[in-house]
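Letters go in sequence order (proteins before strands), and every chain restarts at 1. Reckoned from all heavy atoms, side chains included, excluding hydrogens, waters and symmetry mates.
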Protein chains: 2
Amino acid sequence: MTKNNSTSIERKVTASDVAQRAGVSKWTVSRAFTEGASISPNALARVLKAADELGYRPNLLARSLSKKRTNMVGLVVDELDNPNIFLVLDEMTRQLQRRGYMSMLLNITAEHSYGSALSLADQFQVDGLIFLGTVLTDELVRLAQEIRHIPLIVMYRNSDNPDIQVVSTDGHRAGREIANLFVEQGFRRIGYMLGPSSESTQLKRLDGFRDGLGEHGLSVCTLLPAGHYRRDCGFAALNHYLDSTPEQDRIEALFCENDILAIGALDALRKRSETVQLAIVGFDDIELAASPSYELTTYRQPLETLVTEVIRRLTGQNAGDMRRFLVPGKLILRSSHLRRE
Amino acid sequence: MTKNNSTSIERKVTASDVAQRAGVSKWTVSRAFTEGASISPNALARVLKAADELGYRPNLLARSLSKKRTNMVGLVVDELDNPNIFLVLDEMTRQLQRRGYMSMLLNITAEHSYGSALSLADQFQVDGLIFLGTVLTDELVRLAQEIRHIPLIVMYRNSDNPDIQVVSTDGHRAGREIANLFVEQGFRRIGYMLGPSSESTQLKRLDGFRDGLGEHGLSVCTLLPAGHYRRDCGFAALNHYLDSTPEQDRIEALFCENDILAIGALDALRKRSETVQLAIVGFDDIELAASPSYELTTYRQPLETLVTEVIRRLTGQNAGDMRRFLVPGKLILRSSHLRRE
DNA sequence: CGAACATTTGCAACCGGGTGCAATCATTGG
DNA sequence: CCAATGATTGCACCCGGTTGCAAATGTTCG
């Protein structure tokens with residue numbers, strides 16, 4: 001972009017300014033910046049030259065006013081303390097930007113901000129709402145639907161609401177794979193640590209885990225509720241269990257609903273004075289899982305595939321009419337699932 | 001909001017619709033939604049009633065077109081893998097939302113996306129750019145300045161560019177405090193692990209650390225460059241140092257530029273077969289620092305204060321003309337800074 | 001060379017609100 | 001009771017683009 005030394009402190013350059021300089025009408029300028037519009041090569045060149053000299057960039061808000069689309073999407077987030085969300089945000093914002101979309105972060109961590117956050121998104125005319133690992137309460141869904149018809153997509157979770165598209169890892173299948181892993185290791189007394197219950201039901205991991213164990217005549221013998229997806233909650237949950245369960249009654253293996261809980265659980269094992277035999281598997285494969293402090297066996301979700309699919313749906317290219325898009329992830333074997341020596 | 005059962009699939013409700021229903025002109029509707037506008041209590045009530053019945057919400061994009069402000073701010077982020085950014089994003093988006101601002105996430109992780117990301121922000125007419133723990137390269141600053149005059153604020157870093165406001169923890173002071181801590185513990189051979197060098201110079205932690213040691217006749221005897229703020233980089237950096245340094249020559253204490261590096265360093269200690277005597281201190285106080293696996297002594301930045309100040313400046317209430325706002329943080333003592341038994 | 005068709009380009013109107021001013025209405029007071 | 005004063009309200013026009021249509025220009029071919 002050529003340096004504009006005369007009027008850089010002035011107001012924004014508009015299409016009319018460019019038009020005047022290029023000797024065309026402002027409508028022609030508009031066409032120059034519209035893909036596939038009817039414009040002569042000559043006019044196009046003159047407009048682009050003038051635009052470059054003036055440092056012109058179209059005002060997307062004005063454009064959005066007449067077009068129906070704003071190219072802004074709301075990313076609804078409620079667990080900014082779960083490290084997994086980082087990976088997702090990174091990939092998602094990057095792919096969105098590459099396609100000219102702007103990501104608006106909607107933080108609904110504070111309970112009372114449900115309504116105000118969605119209302120704000122509505123007023124800013126977002127093209128769609130993407131729920132990233134968000135607890136989809138009925139209240140939240142109801143509020144989202146009050147916004148004029150835009151795609152509502154939940155990623156990393158499931159939902160039975162017919163108005164919400166689901167793009168997620170196949171939690172049921174993942175649960176079964178992990179059940180098989182434990183069975184192969186010869187464990188028989190097996191537990192499951194779950195997060196916020198409303199959320200757990202949307203993940204289907206527990207269902208698959210139960211079914212998988214069932215196929216071998218086993219069942220989940222202990223459920224450890226952790227309350228939130230936070231390391232300290234996982235820590236406390238397992239600690240409490242160990243405190244209140246005599247050694248001979250304890251589970252031998254534990255599947256934690258996600259990595260941050262599993263890491264809390266591993267911390268609990270480390271912290272105790274006695275040595276506890278307990279195999280642990282997590283979910284997500286966050287960076288820390290690879291740490292030599294944890295060596296966590298876990299299940300990696302196909303992030304890039306999921307994000308791509310979310311954006312396809314967002315831009316209305318949803319092939320077929322499948323409301324749900326479920327893909328398998330990949331088991332990442334480290335050492336935490338092994339019987340300890 | 002009253003259920004609107006007749007036209008919920010229709011286009012958006014506009015001010016004119018509300019006006020018609022309330023029996024006033026659309027300008028009166030506009031006034032009803034403008035703080036401090038001149039409108040009779042009677043008209044206000046009628047408009048609000050009609051608006052509620054129709055589910056009307058003003059179109060903020062249209063409003064932005066005539067007003068000068070958009071109430072959208074760009075959050076520029078480039079290290080979505082440093083856990084500390086979570087805390088910041090959470091606090092920042094929450095405070096912004098509370099004031100009716102929308103946060104646009106600008107991910108500039110991929111080098112080539114510098115320009116396109118900022119250009120996008122420009123076209124969306126953001127009211128300001130906040131650099132959250134971002135490497136402020138000259139190139140980035142130049143691009144940002146090409147946008148028409150809006151506040152540019154860097155948080156968590158320093159900058160000498162006169163056009164950029166700085167809101168940050170006093171890194172120099174923090175470095176001195178940590179130097180004193182090590183000196184009190186009786187350490188004499190002391191090292192420092194730094195991240196990307198361009199960034200390190202903006203933090204001033206090393207300068208303060210050096211000065212602090214200098215006051216006791218000591219100096220930083222080893223610099224460990226980690227390349228990036230990532231756990232595996234911290235891990236590799238310390239590992240490499242230990243591999244290449246005979247035991248008697250090694251440092252006794254190490255200040256890592258942030259927690260995630262420190263955690264990598266602690267992982268390196270854990271992973272080694274021999275026991276290494278090395279006290280470690282980090283910076284940020286991320287959640288994981290409290291883990292019993294790490295017990296990391298660290299330095300907590302006054303997040304809420306910083307965010308509040310950023311928003312004050314963003315909204316143009318910058319009292320006085322101080323370009324820099326530097327506040328002290330707080331040393332959090334755990335056990336990693338102690339001489340190991 | 002001129003009719004028939006294809007490309008370009010300009011124009012009025014519009015997207016959904018906001019601004020400044022003038023017209024209208026309601027009070028107040030002489 | 002009527003003029004002066006202040007509070008409300010309506011209106012034309014603007015913000016910076018886009019759309020649909022018609023006029024203008026260019027091209028093809030009998």
(request) Indicate, with yes or no, if the rings of A:Y56 and A:F33 have centres closer together than 6.0 Å. (result)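 A:Y56 vs A:F33: aromatic centres under 6.0 Å.
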
What does the list of N/O pairs under 3.5 Å between the protein and nucleotides 25-27 of chain C look like, with a distance for each?
none

(request) Run the numbers on A:Y114 and A:L143 for side-chain contact (heavy atoms from CB on, under 4.5 Å), then give the verdict. (result) CA-CA 8 Å; A:Y114 268 48; A:L143 288 169; 4.1 Å; yes

(message) Before you tell me yes or no, could you show the steps for A:V141 and A:T137 under side-chain contact (heavy atoms from CB on, under 4.5 Å), namely the whole-Å CA-CA distance, both residues' side-chain angles and the distance that decides it to 0.1 Å?
(response) CA-CA 6 Å; A:V141 172; A:T137 61; over 6 Å; no

Without hydrogens or angle criteria, can the side chains of [X] and [Y] be said to hold a donor-acceptor pair below 3.5 Å?
| X | Y | value |
| --- | --- | --- |
| A:Q317 | A:T315 | yes |
| B:N158 | B:R324 | yes |
| A:D90 | B:N107 | yes |
| A:N59 | B:Q123 | no |

(message) To the nearest 0.5 Å, what is the distance between CD on A:Q125 and NZ on B:K12?
(response) 4.5 Å

[atom1] of [X] versus [atom2] of [N]: gap in Å, rounded?
| X | N | atom1 | atom2 | result |
| --- | --- | --- | --- | --- |
| A:L65 | C:dG18 | CG | C1' | 12 Å |
| A:Q123 | C:dG18 | CD | P | 11 Å |
| B:L61 | D:dT18 | CG | P | 14 Å |

(message) Below the 4.0 Å mark, does C:dT19 have OP1 or OP2 next to a side-chain nitrogen or oxygen of B:K67?
(response)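 Result: yes.
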
(message) Roughly what angle, to 10°, lies between the helix axis at the start of the helix from C:dC1-D:dG30 to C:dG30-D:dC1 and the one at its end, five pairs per end?
(response) 50°

(request) Kindly determine whether B:T70 and B:D127 satisfy side chain to side chain donor-acceptor pair (under 3.5 Å), including the steps that lead there. (result) CA-CA 6 Å; B:T70 58; B:D127 279 346; 3.3 Å; yes

(request) Would you mind telling me which of C:dT19, D:dT18, C:dG16 lies closest to the side-chain atoms of A:T34? (result)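 When the side chain of A:T34 is considered, D:dT18 is the closest of C:dT19, D:dT18, C:dG16.
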
Under 3.5 Å, which protein N or O atoms sit close to an N or O of nucleotides 6-13 of chain D? Give each pair with its distance.
| residue | atom | partner | partner atom | Å |
| --- | --- | --- | --- | --- |
| D:dT9 | OP1 | B:S40 | OG | 2.9 |
| D:dT9 | OP2 | B:S40 | N | 3.0 |
| D:dT9 | OP2 | B:S40 | OG | 3.3 |
| D:dG10 | OP2 | B:S25 | N | 3.1 |
| D:dG10 | OP2 | B:S25 | OG | 2.6 |
| D:dG10 | OP2 | B:T28 | OG1 | 2.8 |
| D:dG10 | O6 | B:R31 | NH2 | 2.6 |
| D:dA12 | N6 | B:W27 | NE1 | 2.6 |

(message) With a 4.0 Å cut-off on N to O distance, would you call B:E139 and B:R142 a salt bridge?
(response)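 Salt bridge between B:E139 and B:R142, a charged N being under 4.0 Å from a carboxylate O: yes.
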
